[in-house]
Protein chains: 2
Amino acid sequence: MTDPSIDYSLLDSLVGYRLRKAQLAYFEDFTATCAEEGITPGLFGILAVVQRNPGLTQTAVSQAMGTDRSAMVAAVDKLEKRQLMERRPSDNDRRSYALFLTPEGEQFTQRLHERVQEHESHFDRVMKPGEKEWLLDLLDRVIRA
Amino acid sequence: MTDPSIDYSLLDSLVGYRLRKAQLAYFEDFTATCAEEGITPGLFGILAVVQRNPGLTQTAVSQAMGTDRSAMVAAVDKLEKRQLMERRPSDNDRRSYALFLTPEGEQFTQRLHERVQEHESHFDRVMKPGEKEWLLDLLDRVIRA
DNA sequence: TATTGTTATACTCTATAACTATA
DNA sequence: TATAGTTATAGAGTATAACAATA
């Protein structure tokens with residue numbers, strides 16, 4: 001992945017940059033697995049949030065994903081076209097839609113989630129027992145810092 | 001940063017996604033610090049590689065950064081225009097340039113590096129003694145996996 | 001023939017601003 | 001007035017293909 005004859009020491013001294021490299025290594029696998037199912041990591045993120053939080057509005061999901069609500073339109077269009085998600089008119093507010101997974105979307109999301117986890121287990125080999133839980137906990141503290 | 005009333009558990013069960021969130025948290029700081037100096041993380045990466053590996057060709061740097069060589073043209077143009085880097089004709093191959101930092105570029109890179117490290121130390125507060133070294137080592141193993 | 005730097009081009013992701021229909 | 005979804009648009013970032021000069 002990286003040229004061993006090149007000195008990266010200045011970048012590697014920054015936690016942020018090494019974190020980025022590790023994330024890219026993970027996402028290479030993740031993106032490939034998603035691509036085999038004809039989807040992107042971004043769309044999977046939306047599926048995953050709606051799966052656990054059915055009925056959210058588009059704006060609520062965009063806030064959860066950290067993107068602008070304008071970006072949700074094309075994303076939900078794609079997921080609807082693939083019949084994985086559907087917009088239902090909101091009961092109490094005729095401006096907004098409530099988002100739900102279709103039965104097919106539920107199945108799709110669950111299967112892809114399992115496949116991604118299988119691919120991720122490749123990285124378990126470089127971790128000692130207990131290290132993964134430690135990593136997840138530390139990353140969580142970093143995120144909330 | 002994230003809505004506490006929303007269930008992210010499906011995404012959080014994936015190391016790759018939590019790694020991405022943590023990386024974004026780090027990079028928010030990193031990008032802001034770079035922006036104050038009128039630069040981007042991408043351009044800083046190029047400066048950092050050339051600083052430690054003076055004389056590399058554009059193609060070699062693009063490979064080190066994991067981008068296409070065509071993307072280097074505009075990047076080096078910007079750095080040359082700011083007089084932080086210079087293209088020198090290669091001795092043995094008249095097709096290529098050798099890249100070097102100017103004295104100003106050396107100073108700039110060193111100062112920005114120090115500033116980024118200072119900002120990163122904000123995250124040290126969430127780590128117990130020794131945890132940072134362990135994290136850097138684990139990330140390194142992940143990158144090489 | 002292959003490679004370096006370059007240009008033109010396109011595609012994705014994301015953000016902003018303005019519009020409409022509701023609230 | 002403010003907000004939800006939408007549209008148009010623009011800016012990064014990155015990739016591909018083709019070209020001239022050189023190897």
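Lettering of chains follows the sequences in order, A, B, ..., and the numbering in each one begins at 1. FYI, side chains are in, hydrogens and waters are out, and symmetry mates aren't considered; it's all heavy atoms of this structure.
Atom CG in B/Asp77 sits roughly 10 Å away from atom C1' in C/dT6 (whole-Å rounding). Atom-to-atom, CZ of A/Arg69 to P of C/dA17 comes out at 12 Å; the value is rounded to the nearest Å. Protein atom CG of B/Asp68 is 13 Å distant from nucleotide atom C1' of D/dA18, rounded to whole Å. Straight-line distance from the NZ atom of B/Lys78 to the P atom of D/dG11: 13 Å, rounded to whole Å. Counting to the nearest Å, the P atom of C/dT4 and the CG atom of B/Leu56 are 13 Å from each other. In this entry the distance linking CE of A/Met72 with C1' of D/dT3 reads 16 Å, nearest Å. Between A/Arg95 atom CZ and D/dT6 atom P there is a gap of 14 Å when expressed in whole angstrom units. Atom CG of A/Asp91 is separated from atom P of C/dA23 by 12 Å (rounded to the nearest Å).
Nearer to the 5' terminus of DNA chain C, by closest-nucleotide assignment, is the contact made by B/Asp93 (compared with the other of A/Thr40 and B/Asp93). Where A/Tyr97 and B/Ala71 each meet DNA chain D at their nearest nucleotide, the meeting point lying more 5' is that of A/Tyr97. The residue among B/Val73 and A/Asn92 whose nearest nucleotide of DNA chain C is located toward the 5' end is B/Val73.
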Problem - B/Thr33/B/Arg115 under side chain to side chain donor-acceptor pair (under 3.5 Å): CA gap, chis, key distance, verdict - result: CA-CA 7 Å; B/Thr33 308; B/Arg115 287 205 56 200; 5.1 Å; no
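Counting non-hydrogen atoms of neighbouring residues, nucleotides and ligands closer than 6.0 angstrom, the CD atom of B/Glu37 exceeds 12 such neighbours.
For C/dA23, one of the phosphate oxygens OP1 or OP2 lies less than 4.0 angstrom from a side-chain nitrogen or oxygen of A/Arg94. OP1 and OP2 of C/dT4 both lie 4.0 Å or more from every side-chain N or O belonging to B/Arg87. Distances shown here put a side-chain N or O of B/Thr59 below 4.0 Å from the OP1 or OP2 atom of C/dG5.
Side-chain proximity of B/Gln58 to C/dA15, C/dT6, D/dG5: nearest is C/dT6. The side chain of A/Ser96 sits closest to D/dG5 out of D/dT3, C/dT3, D/dG5.
A salt bridge links B/Arg144 with B/Asp140: the distance from a Lys NZ or Arg NE/NH1/NH2 to an Asp or Glu carboxylate oxygen falls below 4.0 Å. Taking 4.0 Å as the cut-off between side-chain N and carboxylate O, A/Lys132 and A/Glu120 do not count as a salt-bridged pair.
A perpendicular orientation is assigned to the rings of A/Phe44 and A/Phe30, their planes being inclined by more than 60° (bins at 30° and 60°).
Counting distance only, with no hydrogens placed and no angle test, the side-chain atoms of B/Ser90 and the base atoms of C/dT4 include no donor-acceptor pair under 3.5 Å.
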